[in-house]
Structures are given as C-alpha cells and as structure tokens.
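Down below is the structure, laid out as structure tokens.
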Amino acid sequence: MFITFEGIDGCGKSTQAKLLEERLRASLSTPIVFVRDPGHTGISESIRAILLDKANTAMTARTELLLYSAARAQLVDTVIAPALLAGSIVLADRFTDSTIAYQSFGRGLALPDIHHANAVATGGIVPNLTFFLDVPLHHAKERCADKNADRIELAGDEFFERVIAGYRSLTENEPQRVKRLDATLEVETLHEYIWSAVQAAFVS
C-alpha cells in the first residue's frame with residue numbers, strides 16, 4: 001500500500017505522516033518505509049537543495065518541473081518501487097499531487113504536460129490513498145512565521161491560493177483516493193480520522 005500526505009507548508013502533513021508511521025509500526029509486522037519527496041536519496045536531496053535555494057530566483061517553471069521529476073524518478077526507482085514490490089507499506093510526505101498543485105495550478109504549466117512528467121517520473125505508480133490537509137493560508141503562515149523561507153515559500157500569497165485551489169480540485173476529481181481534511185482541527189483528532197481511513201483501506 002502506498003499512502004501520501006499533501007498540502008502547503010504549515011498544514012501539518014509531516015506531523016500526521018509521522019504519527020501514522022509510528023502507529024503502523026506499533027500495529028503491524030509489515031515493513032514500513034517513510035520518504036519525503038523530493039528527497040530521501042542522495043541524488044534527490046541534492047536536487048531538492050537546488051530547488052529550494054533562494055539564490056536560484058532565475059529558475060523557470062519548466063526547469064522546476066523537470067527537476068522535481070528527476071528527483072522523484074530517482075526516489076521511485078531506488079526506494080518506492082522496490083519497497084512496494086517487496087510488500088512494504090510506503091508513506092510519502094508529498095508526491096505527484098504536489099506537482100499538479102504547485103507547477104500546474106501555481107505556476108501555470110499545462111496540466112497534460114504535468115501528467116506526462118509525472119507518468120515518466122513514477123513509471124505509472126499512483127498512491128492508493130492520499131490525505132490533503134487543507135488549511136487557510138493565513139493559518140499556515142502563522143505556523144511558519146519563525147521559519148527561514150525557501151525559494152518556493154517566497155512565491156507569494158496569490159501563488160499559494162492557486163496551489164490550495166489545485167489541491168481542492170484534486171479532491172473533487174478523485175474523491176475515492178484523495179481525502180480532504182480540515183487541518184485546523186486538533187492533531188490527535190486528525191490522526192484518528194486518518195487511522196480510521198487507513199484501516200478501511202486495508203479492509204477494502
């Protein structure tokens with residue numbers, strides 16, 4: 001099973017992903033693999049550093065898309081695909097839905113191009129279940145107020161409002177896979193909802 005967590009920075013997705021990882025490890029004997037996208041592998045982490053470096057303001061949207069795709073391809077080929085083939089449960093902090101939300105809705109790249117890049121990068125692997133933690137932009141900004149912003153986080157409010165709209169569109173188009181959660185709820189309340197949804201997915 002492949003489970004992903006999505007949303008803008010400050011939504012709490014990383015916290016919820018870690019809580020689910022801990023609960024799965026405590027409840028199951030099945031191996032659990034946790035990754036972040038982009039990142040996790042040496043090559044992918046190097047690409048991540050380029051993407052987030054504030055010095056790279058001249059980066060174009062197409063370059064950004066291809067760099068994310070390259071980092072993801074390395075992650076899929078060397079970690080995600082082998083883990084799924086071995087029967088592990090894979091949890092990912094971001095995956096292809098981020099590219100749809102950020103590079104298509106946010107940057108304005110054509111959605112067919114995004115889908116093609118995602119397909120090439122993943123070899124057709126699609127998450128079984130995705131949790132989108134939906135939070136108002138002002139709330140997310142408050143949570144990240146003390147953080148040193150990276151290149152993506154400096155894109156501006158209008159950009160992030162488009163990204164949020166992109167995520168919401170995904171939940172409308174793929175309601176069986178993408179579950180929209182109110183990320184203003186208490187951490188434990190959100191976790192229990194996620195745990196129930198994961199249990200239901202195992203049964204189905």
Side-chain angles (χ1 to χ4, degrees), residues 2-20 35-39 48 51-52 54 56-57 59-65 67-69 71-72 91-118 121-122 126-187 189-191 193-194 197:
F2 185 21
I3 303 170
T4 58
F5 289 79
E6 295 283 357
I8 62 172
D9 283 352
C11 71
K13 61 179 174 52
S14 300
T15 297
Q16 291 300 329
K18 284 296 185 182
L19 286 173
L20 179 60
V35 301
R36 72 170 181 173
D37 178 15
R48 179 189 180 93
L51 282 161
L52 301 185
K54 289 184 288 188
N56 293 328
T57 55
M59 186 182 298
T60 69
R62 284 199 308 142
T63 301
E64 185 178 276
L65 168 64
L67 284 172
Y68 274 113
S69 298
R72 182 170 297 134
L91 306 180
D93 185 343
R94 296 196 183 282
F95 199 57
T96 50
D97 294 315
S98 282
T99 307
I100 293 171
Y102 280 78
Q103 279 68 57
S104 183
F105 283 81
R107 299 296 192 200
L109 295 177
L111 196 52
D113 291 342
I114 301 294
H115 287 318
H116 180 66
N118 280 342
T122 65
V126 177
N128 301 102
L129 185 61
T130 297
F131 295 106
F132 161 46
L133 277 72
D134 193 359
V135 65
L137 180 58
H138 69 87
H139 198 141
K141 290 173 69 175
E142 288 173 2
R143 292 178 179 178
C144 298
D146 296 330
K147 181 182 177 183
N148 185 21
D150 58 41
R151 188 184 67 86
I152 302 295
E153 292 163 347
L154 292 172
D157 289 0
E158 291 184 2
F159 170 80
F160 283 104
E161 292 291 4
R162 293 194 300 271
V163 170
I164 292 170
Y167 277 125
R168 290 174 178 168
S169 176
L170 278 166
T171 65
E172 294 167 3
N173 293 331
E174 297 186 62
Q176 292 302 113
R177 177 179 69 85
V178 186
K179 308 301 180 183
R180 179 180 173 185
L181 308 179
D182 180 357
T184 64
L185 295 174
E186 292 295 326
V187 169
T189 301
L190 276 172
H191 172 63
Y193 178 88
I194 290 168

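All of these numbers come straight from a predicted model, not from anything done at the bench. What's counted below: heavy atoms across the whole structure, side chains too, no hydrogens, waters or symmetry copies.
The two residues I194 and Q16 make their nearest non-hydrogen contact at CD1-OE1, 3.6 Å. Looking at every heavy atom in both residues, A183 comes nearest to V135 through CB-CB, 3.9 Å.
Within the 3.5 Å criterion, the main-chain N or O of L65 finds a donor-acceptor partner in the side chain of S69. Judged purely by atom type and a 3.5 angstrom limit, R143 uses its side chain to pair as donor or acceptor with the backbone of G10.
For the atom pair CG (L190) and CG (L133), the distance works out to 5.5 Å, reported to the nearest 0.5 Å. Atom CG of residue L111 and atom OG of residue S104 lie 4.5 Å apart, to the nearest 0.5 angstrom. To the nearest 0.5 Å, atom CD of residue Q176 and atom OG1 of residue T171 are 12.5 Å apart. For the atom pair CZ (F5) and OG (S14), the distance works out to 9.5 Å, reported to the nearest 0.5 Å. For the atom pair CD1 (I8) and CD (E153), the distance works out to 10.0 Å, reported to the nearest 0.5 Å. With rounding to the nearest 0.5 angstrom, the CG atom of D37 is 4.0 Å from the CZ atom of R72.
F2 meets the ring pair (Phe, Tyr, Trp, His ring centres under 6.0 Å) test with F95; sequence neighbours excluded. For R36, the salt bridge (charged side-chain N to carboxylate O under 4.0 Å, His left out) test picks out E45, with sequence neighbours left out. Checked against salt bridge (charged side-chain N to carboxylate O under 4.0 Å, His left out), D93 has the following partners two or more places apart in sequence or in another chain: K13. Looking at residues two or more places apart in sequence or on another chain, you find no ring pair (Phe, Tyr, Trp, His ring centres under 6.0 Å) involving Y68. Residues passing the side-chain hydrogen bond (donor to acceptor under 3.5 Å, both in side chains) test with Y102, sequence neighbours excluded: R94. Residues satisfying the salt bridge (charged side-chain N to carboxylate O under 4.0 Å, His left out) test with R168, not counting sequence neighbours, are D134. K54 is linked by a salt bridge (charged side-chain N to carboxylate O under 4.0 Å, His left out) to nothing, counting only residues two or more places apart in sequence or in another chain. Every residue meeting the side-chain hydrogen bond (donor to acceptor under 3.5 Å, both in side chains) condition with T63, not counting sequence neighbours, appears here in chain and number order: T60. Residues forming a side-chain contact (heavy atoms from CB on, under 4.5 Å) with T130 (at least two apart in sequence, or on another chain): T4, E6, D97, P127, R177, V178. Looking at residues two or more places apart in sequence or on another chain, you find a ring pair (Phe, Tyr, Trp, His ring centres under 6.0 Å) between F132 and Y167.
Y193 is not listed as a side-chain neighbour of T189, based on a closest heavy-atom distance of 4.5 Å or more. I3 places a side-chain heavy atom less than 4.5 Å from the side chain of L20. No side-chain heavy atom of L51 sits less than 4.5 Å from a side-chain heavy atom of I152. Residues T96 and H115 have side chains not in contact (no heavy-atom distance under 4.5 Å, counting atoms from C-beta outward). In this structure, F105 and V163 have side chains that are not in contact, with every pair of non-hydrogen atoms separated by 4.5 Å or more.
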| message | Checking L67 against M59 for the side-chain contact (heavy atoms from CB on, under 4.5 Å) test, could you report, in this order, the C-alpha distance in whole Å, the side-chain angles of both residues, the deciding distance, and whether it holds? | response | CA-CA 10 Å; L67 284 172; M59 186 182 298; 3.7 Å; yes
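The salt bridge (charged side-chain N to carboxylate O under 4.0 Å, His left out) contacts involving residues 104-113 comprise E64-R107, where partners must be two or more places apart or lie in separate chains. Identified under the salt bridge (charged side-chain N to carboxylate O under 4.0 Å, His left out) test for residues 154-163, with sequence neighbours left out: K141-D157.
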